[in-house]
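To start, the structure under review is shown below, and the notes come after it.
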Amino acid sequence: MKQAKKLLALILALAMVLSLAACGGSSSADTSTDSSAATTEEDSDTLVASVTGLEQKFSPFFAASVDDVNVEEMTQAFLMYTDRVGEPVLSGIEGYNLSYNGTDYTYYGTSDIVVTENDDGTVTYSVTMRDDIQFSDGTYADIDDVIFAMYVFLDPTYDGSTTLYSCPIEGLDAYRSGMSTLFDLLAAAGQDNTDFTYWDEETQTAFWADLTQAGTAFAQEIVDYCVDAGVAEEGDVATAAAAWGFEGLAADATAEDFWNLLVESYAGDYATLSDTEAAYTSLFDLMEDYDAYSIGIETGESADYVSGIVRTGDYSMDVITTELDATFIYQLSLPITPLAYYGDESLYDYDGHSFGFTKGDLSSIKDKTPAPMGAGPYIFNEYSNGVVYMEANPYYFKGEPATQYLNFMEITSEDDKISGIVTGTVDIADPAYSAERADEITTYNSNGELVGDVITTYLYDFRGYGYIGICADNVKVGDDASSDASKALRKAFATVFSVYRDESIDSYYGETASVINYPISSTSWAAPQVTDDGYQVAYSVDVDGNSIYTDDMSVDDKYAAALDAALGYFAAAGYTVEDGVVTAAPEGASLTYTVHIGGSGTGDHPSFLLLSNAADALATIGITLTINDHADASELYAAYQSGEADMWVAAWQASTDPDMYQLYHSAGSTNYYAINDADLDELIMTARQSTDQTFRKTLYKSAMEIILDWGVEIPVYQRSENYLVSTERVNTDTVTSDMTPYWSWMSEVELIEMN
């Protein structure tokens, strides 16, 4: 669920961030001290961290929002961890060494994992757990706790955010077949169904009444959000729906009318509808009796176990996949969940193909969602009045945390997060970072720096990047988007865009962002480094392959050189160029193109100055670049997702693994660039079928060079994120150093001490 972030994006009109990553999980204990009694004790030994909003889904199986996941991860140990660069720690028991930023670090985990590629094309992941992992109640964990968790994630009725069920595990399809949820069956059958093989008419009538009231409430929450945001008047459903991206309702439309429009737009895919469009609350949470409809109904034959999950000992198992998938290893970051707490030990019999619960009925697991239990560094006590209260787990495998209590406190205002550090409300916060907020931080420190006597600032790169996209189908010569002429046309624009990146990003972000040259987040291990052979500034060569710039050029000289190089590309694309001006376009091309950006209609975007400068420069050579600055960001999204836009400005958020399929493969679901290159497809698929990081990095470098050669993406910037820590209350020497998107203060929370 996006928790109203869709309309927030409409109002702020920032670039879209697509999340490609899968979620993890965590858990904690039901036996705990009363938080009200502990409050006095906590004052001198409590670490308080800010969160933006909690849904109270703290389950290792069903946590979805970032803040809920942070809570549950503090209460859960995992089968596998990743290091500072997002690489799996496969030798967790003895430790894994890695040099990062000039410092050697050792990473520990709960298991060792050996990957074996078999002669028949299958792959075996052999897992050996430590035998001394204890849950917060003092009981010991073993491999059956992990197998239980896997079967929850793989159940045909599982509706959480973890996607283990989509992996090529041997025998998984047979296990998940022949069963569907009552919800899905009822929804597919429709309100006029007369076949009551699997349910009675009373159940069907009750279901549709429940779904309709929930859907109407769901739509009304969207309307209310729009009204609160000032984009619609009270009761004006049609205007609110339009602001949300759904037009066509009559002026007197009701919330139920809006709901019906949403259902029609999503063709009855209620799960995707809820996840994508929720303003505040999930559709299913609004239903009065959703749990009754989430049980599994047998509709055919089904295997009673997954053949690819093989218990090999009390602390070991093999997981067998039918093919090599480089991304699967990350799915083994499974929570080690206590079967005795979440499941039913009397229903666990591995040899008898019973795994701790009745297949198709996850109700007992869902009952524990608000009160997690696990083997993580902290024990969940309670959630009360916007605060999660936790205390140290004395049995944590990396040692009992140095700070006895940990609280997560809801603070919705970004400004309040900074002031909260200063006033002592919170000890750690993560406000949205910008040059303006950086300046504010320095005013609180007596030395005028980001690190001082009041606030210590930890910066790390955002796991994503800003870019300019060009649709190959819309910006081409003739009918062939892959021709040299079409590529030259797009590279003419890319060359001019590229030269103005530094000024634009520096003016918007200052030192909190940097220009990047390849279409990948610089936080990824696959990102080319300046020291790598063949590293090149994006679009810095002319049509003949010669460098456009020299070291002694001034900024203005570079602008002029880029424009001259662009003329060369336009000529190569078949444009008529006379006396330094483009006078005619070849068939299928144009002298006028439009670029879409979400700058609130006021130019409030890091790439807006870039586009303005580029448009002015292009105008001097006869090319018109129209900047469509959307006040309503949904219009921006619709423009490029529909394939209508010539060019657009947005941002990607990267997954832990740098797999390029979704964005750049010819069959990728978000290949908005319309790039279709057989060589690129082959590189992407080959990289998916290897676990050799060095080999994959070479393939991805080649893939990125093809993308740049197509001229469909201009990498622009990598911005910073931050954690602010109270220098006065926290011993900052004990806070983890060299933070990255994959390694935060929470990764070594057990070491943090208070002053």
Side-chain angles (χ1 to χ4, degrees), residues 1-17 19 23 35 46-58 63-74 217-218 220-232 240 243-244 274-282 285-286 370 380 382-390 406-434 436-438 440-441 444 455 457-458 462 600 604 633 653 719-726 729 744-746:
M1 185 170 54
K2 289 187 169 48
Q3 293 290 46
K5 286 187 172 62
K6 180 173 181 180
L7 191 60
L8 182 60
L10 302 187
I11 297 165
L12 298 179
L14 295 175
M16 182 180 79
V17 178
S19 177
C23 293
S35 65
T46 303
L47 178 67
V48 182
S50 72
V51 291
T52 301
L54 297 167
E55 298 178 351
Q56 301 181 59
K57 294 181 179 180
F58 305 133
S65 71
V66 171
D67 290 330
D68 280 15
V69 168
N70 285 341
V71 170
E72 54 94 3
E73 285 189 349
M74 286 295 92
F218 182 88
Q220 186 61 52
E221 286 193 350
I222 297 175
V223 174
D224 293 343
Y225 193 95
C226 292
V227 171
D228 291 343
V231 297
W244 204 258
S274 177
D275 181 65
T276 306
E277 304 298 342
Y280 298 108
T281 314
S282 162
D285 288 340
L286 289 168
F380 179 89
E382 72 166 345
Y383 169 82
S384 177
N385 297 322
V387 181
V388 169
Y389 297 91
M390 300 182 179
L406 172 64
N407 296 345
F408 285 99
M409 178 181 293
E410 289 179 307
I411 299 179
T412 57
S413 167
E414 297 298 305
D415 292 333
D416 288 348
K417 290 180 180 180
I418 298 178
S419 62
I421 294 284
V422 177
T423 61
T425 304
V426 294
D427 304 309
I428 298 179
D430 59 343
Y433 199 64
S434 66
E436 181 179 351
R437 287 208 168 90
E440 180 184 353
I441 292 167
Y444 292 117
I455 299 175
T457 305
Y458 296 86
F462 171 64
S600 300
D604 184 15
Q653 179 169 308
R719 66 173 175 83
S720 294
E721 291 192 312
N722 71 116
Y723 285 110
L724 305 183
V725 177
S726 170
R729 295 182 302 282
S744 74
W745 63 271
M746 288 175 280

Under 3.5 Å: donor-acceptor pair, side chain of Asp427, backbone of Val48: yes
Donor-acceptor pair, distance only, cut-off 3.5 Å: does the side chain of Arg437 make one with the backbone of Pro431? no
Taking side-chain hydrogen bond (donor to acceptor under 3.5 Å, both in side chains) as the definition, give me every residue that meets it alongside Asp228, ordered by chain and number, with sequence neighbours left out. none
Can you check whether Glu721 reaches Tyr433 side chain to side chain, under 4.5 Å on heavy atoms? no
Any donor-acceptor N/O pair, Gln56 side chain to Pro370 backbone, under 3.5 Å: no
Can you name the closest pair of heavy atoms from Ala279 and Tyr225 and give their distance? CB-CB, 4.1 Å
Looking at CD1 of Ile418 and CG of Asn722, how far apart are the two atoms once the value is rounded to the nearest 0.5 Å? 7.5 Å
Considering all heavy atoms of both residues, which atom of Cys226 and which atom of Trp244 are nearest to each other, and what is their separation? SG-CE3, 3.9 Å
Main-chain N/O of Gly53 paired to Asp67 side chain as donor or acceptor, under 3.5 Å: yes
Do Glu410 and Thr52 come close enough that some side-chain heavy atom pair is under 4.5 Å? no
What verdict does the side-chain contact (heavy atoms from CB on, under 4.5 Å) test give for Tyr383 and Phe58, after you've listed the backbone C-alpha separation in whole Å, the side-chain angles of each residue and the deciding distance to 0.1 Å? CA-CA 10 Å; Tyr383 169 82; Phe58 305 133; 4.1 Å; yes
Atom pair CD1/OH of Ile421 and Tyr444 - distance to nearest 0.5 Å: 11.0 Å
Residue set satisfying salt bridge (Lys or Arg N to Asp or Glu O under 4.0 Å) with Asp416, at least two apart, ordered chain then number -> none
For Asp430 against Lys417, the heavy-atom pair lying closest together: OD1-NZ, 3.5 Å
Taking all heavy atoms of Lys57 and all of Ser282, pick out the closest pair and write down the distance. NZ-CB, 4.5 Å
Give me the ring orientation class for Tyr723 and Trp745: parallel if the planes are under 30° apart, tilted from 30 to 60°, perpendicular past 60°. perpendicular
How long is the straight-line distance from OG of Ser744 back to CG of Asn70, given to the nearest 0.5 Å? 7.0 Å
Where is the tightest heavy-atom contact between Met409 and Thr425, given as atom of each residue plus distance? SD-CG2, 3.6 Å
Side chain Glu221, main chain Thr281, donor-acceptor under 3.5 Å: yes
